[in-house]
Amino acid sequence: MGRPRSFDEGEVLEKAMLRFWRSGYDGTTLEDLERDTGLMRVSLYNAFGDKRDLFLACLRHYRASVVSPRLALLRDPSPGLEGIRRFFLRVLETPSGGEPGGCLMVNASVDETPLDPEVLQLVRQHFQVMEEFFTRALEGSRSCGELRADIEIPAAAAYLLAVVQGLAVVGRSAESGSRVRRAVQVVLDQLESWRATP
């Protein structure tokens, strides 16, 4: 029987995730990961595998700990255009818990190195889930008569996905705050234009 781990796996993943988020896969060294997590590389290898395996685990952790709570804004307490509005307003909030700007999944999708097939699969799943959440929110808006009849939901959901991922790329720059605010305001205005006339 192996010795029980003397560290919290979730805490280690959180710290490693933040490092990959800030520095990217190629820009993150094993020394960075050792320093940030407080573990020697042999412990990291034993727990997670090599650097690639740890990165994949961090992408899954990001999806569960960062993306899922944000997507919850699209359905709670009410779906529809208000949920989408809350989602985009969240983009304007200062990152919490030392989070970098942008999106780890988007960063992975535009990495300088050729995409690993498993990374690409996780990124595609991320985009698909995001688009499905926008689709459901728009369908909820349509079902309650809030959305204009001429708005094509698949096209609108694809548009919202493209905008939020574009904002994530722009948000990687520390000087991008005013650009992001202006872009979000355009999206909020667009949402209002989709609203059915009472």
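Checked by atom type and distance alone, the side chain of S143 pairs as donor or acceptor with a backbone atom of G140 at under 3.5 Å. Looking only at distances, a side-chain donor or acceptor of K51 sits under 3.5 Å from a matching main-chain atom of Y25. Judged by distance alone, with hydrogens and angles left aside, the side-chain atoms of E146 form no donor-acceptor pair with the main-chain N or O of G80 at under 3.5 Å.
The two residues L161 and E131 come nearest to each other via the heavy atoms CD2-OE1, 3.8 Å. Annotation for L71 and V129: closest pair CD1-CG1, 3.7 Å, computed over non-hydrogen atoms. Minimum heavy-atom separation, R148 to R195: CG-O, 3.5 Å. Here the closest non-hydrogen pair linking S65 and E14 is OG-OE1, 4.1 Å. Residues P69 and A64 approach most closely at CD-O, 3.7 Å, considering heavy atoms. Minimum heavy-atom separation, E34 to L44: N-CD1, 4.3 Å.
The line from CG of L138 to CD1 of I151 is 9.0 Å long, rounded to the nearest 0.5 Å. Put simply, CD1 on I84 and OG on S141 are 7.0 Å apart, with the number rounded to the nearest 0.5 Å. Summarising the geometry, atom OG belonging to S109 is positioned 4.5 Å from atom CZ belonging to F127; distances are rounded to the nearest 0.5 Å. Rounding to the nearest 0.5 Å gives a distance of 10.5 Å between CZ of F88 and CD of Q190. Atom CG of D50 and atom CG of L30 lie 9.0 Å apart (nearest 0.5 Å). Taken from OG1 in T37 to CG in D8, the straight-line distance is 12.5 Å, to the nearest 0.5 Å.
With sequence neighbours left out, V186 forms a side chain to side chain contact (heavy atoms under 4.5 Å, CB included) with no residue at all. For R60, the side chain to side chain contact (heavy atoms under 4.5 Å, CB included) criterion is met by L56, R63, E118, L122, not counting sequence neighbours. Considering only residues two or more places apart in sequence or on other chains, R35 meets the side chain to side chain contact (heavy atoms under 4.5 Å, CB included) condition with R19, D32.
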- Query: Should M130 and F133 be marked as a side chain to side chain contact (heavy atoms under 4.5 Å, CB included) after you check the CA-CA gap, both sets of side-chain angles, and the distance that decides it?
  - Reply: CA-CA 5 Å; M130 293 274 294; F133 266 82; 5.9 Å; no

- Message: Walk me through whether I153 and F134 qualify under side chain to side chain contact (heavy atoms under 4.5 Å, CB included).
- Response: CA-CA 9 Å; I153 288 178; F134 283 130; over 6 Å; no

- Message: Determine whether L39 and L33 satisfy the following criterion, side chain to side chain contact (heavy atoms under 4.5 Å, CB included), listing intermediate values before the conclusion.
- Response: CA-CA 8 Å; L39 295 179; L33 293 168; over 6 Å; no

- Message: Please evaluate residues V66 and L104 with respect to the criterion side chain to side chain contact (heavy atoms under 4.5 Å, CB included), reporting the C-alpha separation (whole Å), side-chain torsions for both, the decisive distance (0.1 Å), and the verdict.
- Response: CA-CA 10 Å; V66 177; L104 179 59; over 6 Å; no

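Contact check for Q121 versus Q125: side-chain heavy atoms found under the 4.5 Å cut-off. Contact annotation: the side chain of L160 approaches that of V187 to within less than 4.5 Å [non-hydrogen atoms, C-beta and beyond]. At a threshold of 4.5 Å between non-hydrogen side-chain atoms, the residues L54 and F20 count as touching.
Geometrically, R52 does not engage F55 in a cation-pi contact, judged by NZ or CZ lying under 6.0 Å from the ring centre and within 45° of the ring axis.
Under the 4.5 Å side-chain heavy-atom criterion for grouping Ile, Leu, Val, Met, Phe, Trp and Tyr, Y159 is connected to V106 within one hydrophobic cluster.
Atom CD of E31 is surrounded by more than 12 heavy atoms from other residues, nucleotides or ligands within 6.0 Å.
Aromatic ring orientation, Y62 versus W21: perpendicular (interplanar angle above 60°, classes split at 30° and 60°).
Salt bridge status for R85 with E192: absent, with no side-chain N to carboxylate O gap under 4.0 Å.
Side-chain atoms of E132 and T135 include no donor-acceptor pair closer than 3.5 Å.
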